[in-house]
Amino acid sequence: MSSGNAIGVFDSGLGGLSAVKEFLNLLPAEKIIYFGDTGRVPYGTRSRDTIRKYAFQDAQFLLSRNVKMIVAACGTVSSVAGAALEEKLPVPYTGVVNPTAYTAVRKTRNGKIGVIGTAATVGSHSYKLRLQKLNPEVQVFEQACPLFVSLVENGIIHRDDQITRLVVRRYMADLKDNGVDTVILGCTHFPLLRDAISDYMGEDVTLVDSGYETANYAAKVLKEQDLLNSDTSVKQPEFFVSDTPDGFESVAGLFLGRDMEHTVTQIDIEQF
Ligand code: DGL
């Protein structure tokens, strides 16, 4: 079945919803088709080959829904498979690294930027390389935070939750000691922990949300390329996952502030 003129967004699970939230604000007349690979999350602990294979299957599923643009709302995919996707996809593509690095370089005042992401993202140094290309003077401090993904996928995200606070402190202490004034939330799952991270780092530290920045960048590209819908009626997003929708529906509903019960469809991603 074709969904027409939609924007396809994917992530390994719930994280890409940080981009969807912004798309729904910015472009209500655009149809968003979201795929969360909940059956195979996390990606960030896997090999490059596996991440690339998964990324192309995810993109293939979105193409089967006739999307006009693909957004990898996933730091891991953008870091490890971004160049290959950009080269091979038949529609415009964006990942999260470039738009997010660009904003961080503009926001920092002391030139010390922290980057948090999955092990694969941090291991690729994708953000660090991009940041230092944009401004060779900046100092970049990287920290892999793999447990953050599990916290988010399990809905343990409240700023007052003891477990959340402990894990945040464990991962963020070195960045705080190093005096960063800007932190890139380089995994799209992490904005769901934004309150807890901000409570620990303090309000003077700017948190740059990769999902938010990427949605804004994608909206700009669509506008520039004259690809926005001419029909201005509000469209409802469609959500697909590769495992049972139950957990996804409740956490996504909380995060997006809408009732998501019975609105998410399970698909078999191995067919793509
Ligand atoms: N949300 C993803 C990212 O931005 C992936 C988390 C994971 O699957 O490990 O990196």
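Sequence positions, counted from 1, serve as the residue numbers for this chain. Order of appearance sets the numbers: ligands from 1, and atoms from 1 within every ligand.
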Engineer: Can you sort out which atoms of ligand 1 are near Tyr43, meaning under 4.0 Å from one of its heavy atoms?
Structural biologist: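 By the 4.0 Å cutoff, the relevant atoms are 7 (C), 8 (O), 9 (O).
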
Engineer: With heavy atoms of Pro42 as the reference, note each atom of ligand 1 found under 4.0 Å away.
Structural biologist: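 Reading through ligand 1 atom by atom, the close ones are 7 (C), 8 (O), 9 (O).
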
Engineer: So is Thr121 polar-close to ligand 1, meaning N/O to N/O under 3.5 Å?
Structural biologist: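 Checking ligand 1 against Thr121, no N or O pair falls under 3.5 Å apart.
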
Engineer: So which bit of Thr188 gets within less than 4.0 Å of ligand 1, heavy atoms only: side chain, backbone, both or neither?
Structural biologist: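 The answer is both.
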
Engineer: Going by distance alone, is a donor N or O of one side chain under 3.5 Å from an acceptor N or O of the other, for Tyr200 and Asp195?
Structural biologist: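 There is no such pair (donor and acceptor under 3.5 Å, judged by atom type) between the side chains of Tyr200 and Asp195.
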
Engineer: Which of the numbered atoms in ligand 1 are under 4.0 angstrom from any heavy atom belonging to Asp11?
Structural biologist: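 Per the distance check, 1 (N), 2 (C), 5 (C).
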
Engineer: Any nitrogen or oxygen of Thr118, main chain or side chain, under 3.5 Å from a nitrogen or oxygen of ligand 1?
Structural biologist: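 No: no nitrogen or oxygen of Thr118 is under 3.5 Å from one in ligand 1.
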
Engineer: With respect to Phe35, which candidate in Phe61, Phe272, Phe239 satisfies the ring pair (Phe, Tyr, Trp, His ring centres under 6.0 Å) definition?
Structural biologist: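 One option only clears the test, and that one is Phe61.
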
Engineer: Taking Thr38 as the fixed residue, which of Val241, Ile269, Val264 is the one that meets the side chain to side chain contact (heavy atoms under 4.5 Å, CB included) rule?
Structural biologist: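 Testing each of Val241, Ile269, Val264 against Thr38, the sole residue satisfying side chain to side chain contact (heavy atoms under 4.5 Å, CB included) is Val241.
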
Engineer: In terms of side-chain heavy atoms, does Glu213 have a donor or acceptor partner in Thr103 at a distance below 3.5 Å?
Structural biologist: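 Present: a donor and an acceptor within the cut-off.
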
Engineer: Heavy-atom distance to atom 4 (O) of ligand 1: which of Gly95, Gly75, Ala120 wins?
Structural biologist: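 Heavy atom nearest to atom 4 (O) of ligand 1 belongs to Gly75.
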
Engineer: Quick one: does NZ or CZ of Lys21 land under 6.0 Å from the six-membered ring centre of Phe255, within 45 degrees of the ring axis?
Structural biologist: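 Yes, Lys21 lies over the aromatic ring of Phe255.
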
Engineer: Which protein heavy atom lies closest to atom 1 (N) of ligand 1, and at what distance to 0.1 Å?
Structural biologist: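 The answer is His189 ND1, 2.6 Å.
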
Engineer: Taking Ser18 for the side chain and Thr188 for the main chain, is one N or O donor matched with an acceptor at less than 3.5 Å?
Structural biologist: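 Answer holds: yes.
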
Engineer: Taking both backbone and side-chain atoms of Ser12, is any N or O found less than 3.5 Å from an N or O belonging to ligand 1?
Structural biologist: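 Yes, there is a polar N/O contact under 3.5 Å.
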
Engineer: For atom 10 (O) of ligand 1, what is the closest protein heavy atom, and at what distance to 0.1 Å?
Structural biologist: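 That would be Thr76 OG1, 2.6 Å.
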
Engineer: Checking the N or O distance criterion of under 3.5 Å, is ligand 1 in contact with Gly186?
Structural biologist: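 In fact, backbone or side chain, Gly186 has no N or O that close.
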
Engineer: Within ligand 1, which atoms have a heavy atom of Gly44 less than 4.0 Å away?
Structural biologist: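 By the 4.0 Å cutoff, the relevant atoms are 7 (C), 8 (O), 9 (O).
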
Engineer: Does the side chain of Arg52 pick up a donor-acceptor pair with the side chain of Gln57 at under 3.5 Å?
Structural biologist: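 Checked: Arg52/Gln57 side chains show no N/O donor-acceptor pair below 3.5 Å.
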
Engineer: Do Thr50 and Ser47 have side-chain atoms, one donor and one acceptor, less than 3.5 Å apart?
Structural biologist: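 Yes, side-chain donor-acceptor contact under 3.5 Å.
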
Engineer: Under 4.0 Å from ligand 1, counting heavy atoms only, is it the side chain of Val41, its backbone, both or neither?
Structural biologist: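 Under 4.0 Å from ligand 1, Val41 contributes side-chain atoms alone.
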
Engineer: Check ligand 1 against Val149 and write out every atom of the ligand that is under 4.0 Å from a heavy-atom position of the residue.
Structural biologist: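 Heavy-atom distances to Val149 below 4.0 Å select 6 (C), 7 (C), 9 (O).
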
Engineer: With a 4.0 Å cut-off on heavy atoms, does Gly117 reach ligand 1?
Structural biologist: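 Gly117 does not count as a contact of ligand 1 under the 4.0 Å cut-off.
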
Engineer: Number the atoms of ligand 1 from 1 as they appear, then name those within less than 4.0 Å of a heavy atom of Cys74, with their elements.
Structural biologist: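 Going through ligand 1 atom by atom, the ones under 4.0 Å from Cys74 are 2 (C), 3 (C), 4 (O), 5 (C), 10 (O).
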
Engineer: Can Glu249 and His262 be counted as having a side-chain donor-acceptor contact under 3.5 angstrom?
Structural biologist: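 No.
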
Engineer: Quiz question: by atom type and distance under 3.5 Å, do the side chains of Ser233 and Asp231 form a donor-acceptor pair?
Structural biologist: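 Asp231 and Ser233 do have a side-chain donor-acceptor pair below 3.5 Å.
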
